[in-house]
Amino acid sequence: MDLFIFAGFLKTISGDFMGEQEKEASLPSKDNFSEWYNELLQIAKIMDVRYPVKGIYVWHPFGFTIRKKTYSIMRQLLDRDHEETMFPLLVPEPEFMKEAQHIKGFEDEVYWVTHGGTSPLEVNLALRPTSETAIYPMYKLWVRSHADLPLRLYQIVNTFRYETKHTRPLIRLREITSFKEAHTVHATWDEAAWQVDEAIRIYTEFYRRLAIPILSSRRPEWDKFPGADYTIAVDSLMPDGRTLQVGTAHHLGDNFAKTFEITYEDSEGEQVYAHQACYGVSERCLAALISTHGDDKGLVLPPEVAPVQVVIIPIIFKNPEEVLAACKKVSEELKDAGIKVKTDDSDKRPGAKYYKWEMQGVPIRLEIGPRDLKNKAAMMARRDTGEKEQIPLEDISATIKETFADIHKNLYSQAEAQLREHIFLCEGLEGIKDKLVHGIVQTYWCGREDCGKEMEDVIGAGILGIPNEQPGCKGKKCPLCGEEAVNSIYIARTY
Ligand SMILES: Nc1ncnc2c1ncn2[C@@H]1O[C@H](COS(=O)(=O)NC(=O)[C@@H](N)CS)[C@@H](O)[C@H]1O
């Protein structure tokens with residue numbers, strides 16, 4: 001081969017090779033989590049951050065499909081004993097300004113509509129930051145008697161918060177596009193308290209289905225929802241050791257019922273104020289999904305929420321028809337079994353195909369070539385472990401579904417181990433500061449608010465909350481004041 005042709009040959013190979021190399025270089029290592037996260041949202045076509053309004057982002061169809069499948073799990077869990085509805089986006093100022101604590105909590109975050117066209121509105125309208133003040137004037141009309149309770153409604157809507165902290169897609173938005181908010185009404189404080197615990201049970205199951213382990217804890221008094229008696233929150237661990245609040249449930253007592261006059265006639269014919277709960281999850285659940293399972297090759301999706309669950313790659317050398325026919329047959333069989341399958345018969349090189357579908361987190365890749373056909377088999381590659389094994393074409397749907405279950409189990413147990421390894425039991429301030437760099441600290445607290453707040457200042461991180469399961473505090477001291485501890489608490493750097 002003369003030099004000229006050889007140079008051309010090298011260029012072709014290096015061109016392909018550099019092409020792939022360049023492409024792969026564009027996703028930073030997950031060790032550089034912030035960069036990795038931002039790049040991955042783009043490359044895997046989850047959200048486009050180029051919309052010209054700060055804190056407002058655009059769904060790519062692929063990302064929107066993950067959202068759709070994720071929220072169908074949430075609907076499945078809520079629809080057991082809630083009903084879905086939809087309330088107005090615009091809240092008249094007088095209603096919004098009714099509940100003093102609520103206003104205090106949201107006045108710096110609420111967007112206002114002041115004009116209709118060029119005419120100033122008589123009454124300014126708030127864009128709902130959350131919907132208590134849109135819903136509860138209607139609950140006043142709907143709740144009349146004991147027989148109307150418990151009332152359990154939810155909606156999945158966009159809400160608007162003028163966040164002044166650093167905004168980031170899926171994590172801290174000014175338009176929260178996927179705000180699932182449930183608002184329930186009960187006859188007694190205890191029933192509302194039961195509902196708050198039920199909300200946490202629902203969220204724990206929801207996140208288990210996403211293979212995400214969570215910590216639940218009661219937020220300290222100064223960090224509860226504005227207008228609530230108390231707040232229970234669920235947090236997930238992000239790869240950089242910080243926690244992300246991925247859901248909250250609030251006991252509202254009869255605070256809002258008194259403000260919005262939500263009363264019911266009890267069995268003695270008395271008018272009684274109702275007690276309420278409300279609980280919310282936003283698209284942060286997707287931030288947790290992407291961050292918990294993703295790796296240096298891109299997304300890793302639990303099969304239940306993967307837009308493409310199996311990708312078939314025909315390996316073609318000679319007699320392509322036979323291979324393509326076999327791929328079609330397998331594809332039909334998987335579709336008939338309700339599996340989302342795509343066949344990539346594009347003219348890209350296999351390596352480029354593997355790169356693309358791994359980036360999009362497809363749980364299983366099936367390679368089918370002449371050698372596989374001879375063995376009546378396909379080569380199955382798992383995205384979560386990278387393992388490859390030959391599986392028989394016979395009953396392939398059953399094999400795939402069993403593997404899906406194993407993938408989910410593996411993702412969950414890996415994430416659970418990761419969480420467990422990043423909770424550090426510390427009793428002294430120095431140890432707490434040390435360990436906070438790596439994850440969550442479990443320590444003790446005297447329970448006094450001034451001491452708690454001072455401890456937050458001294459260690460530069462927030463008290464995440466008081467976990468329900470309390471290890472004994474006997475003989476334990478508050479790390480700041482040295483008083484007897486009354487609670488064990490989580491402390492963490494948060495998003
Ligand atoms: N700016 C934001 N961007 C993304 N998610 C957010 C934002 N603000 C809050 N969230 C998420 O939304 C959840 C519910 O918000 S909340 O303020 O705690 N609670 C409420 O608004 C209640 N009315 C729940 S119905 C939070 O737990 C958090 O996970």
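These numbers come from the heavy atoms of this one structure, side chains and all, not from hydrogens, waters or symmetry mates. In each ligand, atom 1 is the first atom listed, and ligand 1 is the first ligand listed.
With a 4.0 Å cut-off on non-hydrogen atoms, Thr130 touches ligand 1 through its side chain and not its backbone. The residue Arg174 has no part lying near ligand 1, judged by heavy-atom distances below 4.0 Å.
Of the N or O atoms in Phe179, none lie within a sub-3.5 Å distance of an N or O in ligand 1. Residue contacts with ligand 1: His183 is placed with no nitrogen or oxygen under 3.5 Å of a nitrogen or oxygen of the ligand (distance criterion only).
Per-residue contacts place Glu132 under 4.0 angstrom from the following atoms of ligand 1 (heavy atoms of the residue considered): 22 (C), 23 (N). Ligand 1 places these atoms under 4.0 Å from at least one heavy atom of Glu163: 1 (N), 2 (C), 8 (N).
Taking atom 2 (C) of ligand 1 as the reference point, the nearest protein heavy-atom neighbour is Ile176 CD1, 3.6 Å. At the shortest separation from atom 3 (N) of ligand 1 among protein heavy atoms lies Leu173 N, 3.1 Å. In terms of protein heavy-atom proximity, atom 19 (N) of ligand 1 is nearest to His250 NE2, 3.0 Å. In terms of protein heavy-atom proximity, atom 14 (C) of ligand 1 is closest to Thr248 OG1, 3.3 Å. Here the protein heavy atom with the shortest distance to atom 20 (C) of ligand 1 is Phe225 CE1, 3.5 Å. Atom 24 (C) of ligand 1 has as its closest protein heavy atom Gly280 N, 3.5 Å.
Ring orientation note: the planes of Phe256 and Phe260 are close to parallel, at an angle under 30° on the 30°/60° scale.
Closest to atom 5 (N) of ligand 1 by heavy atom, among Ala287, Ser282, Gly105, Cys278, is Ser282. Which of Gln245, Arg219, Arg172 comes nearest to atom 29 (O) of ligand 1 through a heavy atom is settled by distance: it is Gln245. Closest heavy-atom approach to atom 15 (O) of ligand 1 within the set Glu181, Glu175, Arg161: this belongs to Arg161.
At least one heavy atom of Ile171 sits less than 4.0 Å from an atom of ligand 1.
No donor-acceptor pair under 3.5 Å is formed between the side chain of Trp59 and the backbone N or O of Thr65. Using modelled atom types, no side-chain atom of His186 and backbone atom of Thr188 make a donor-acceptor pair closer than 3.5 Å. At distances below 3.5 Å, at least one donor-acceptor pair connects side-chain atoms of Glu181 with backbone N or O atoms of Ser131.
Residue pairs satisfying the side-chain hydrogen bond (donor to acceptor under 3.5 Å, both in side chains) criterion with at least one member in residues 68-96, sequence neighbours excluded, are listed as follows: Arg75-Glu84, Gln76-Arg209, Asp79-Tyr154, His82-Tyr279, Glu84-Tyr154, Glu95-Lys98. Evaluation of the side-chain hydrogen bond (donor to acceptor under 3.5 Å, both in side chains) test over residues 456-471, restricted to residues two or more places apart or in two chains, returns Trp222-Glu456.
In this structure, Arg174 forms a cation-pi arrangement with Tyr162, its terminal cationic atom sitting closer than 6.0 Å to the ring centre and no more than 45° off the ring axis.
The shortest side-chain heavy-atom distance between Pro150 and Thr184 does not fall under the 4.5 Å cut-off.
We find that Glu283 and Arg67 are not joined by a salt bridge, their nearest charged nitrogen and carboxylate oxygen being 4.0 Å or further apart.
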Next on the checklist: Apply ring pair (Phe, Tyr, Trp, His ring centres under 6.0 Å) to residues Tyr139 and Tyr136 and explain how you reach the verdict.
Outcome noted: CA-CA 5 Å; Tyr139 277 6; Tyr136 298 171; 5.7 Å; yes

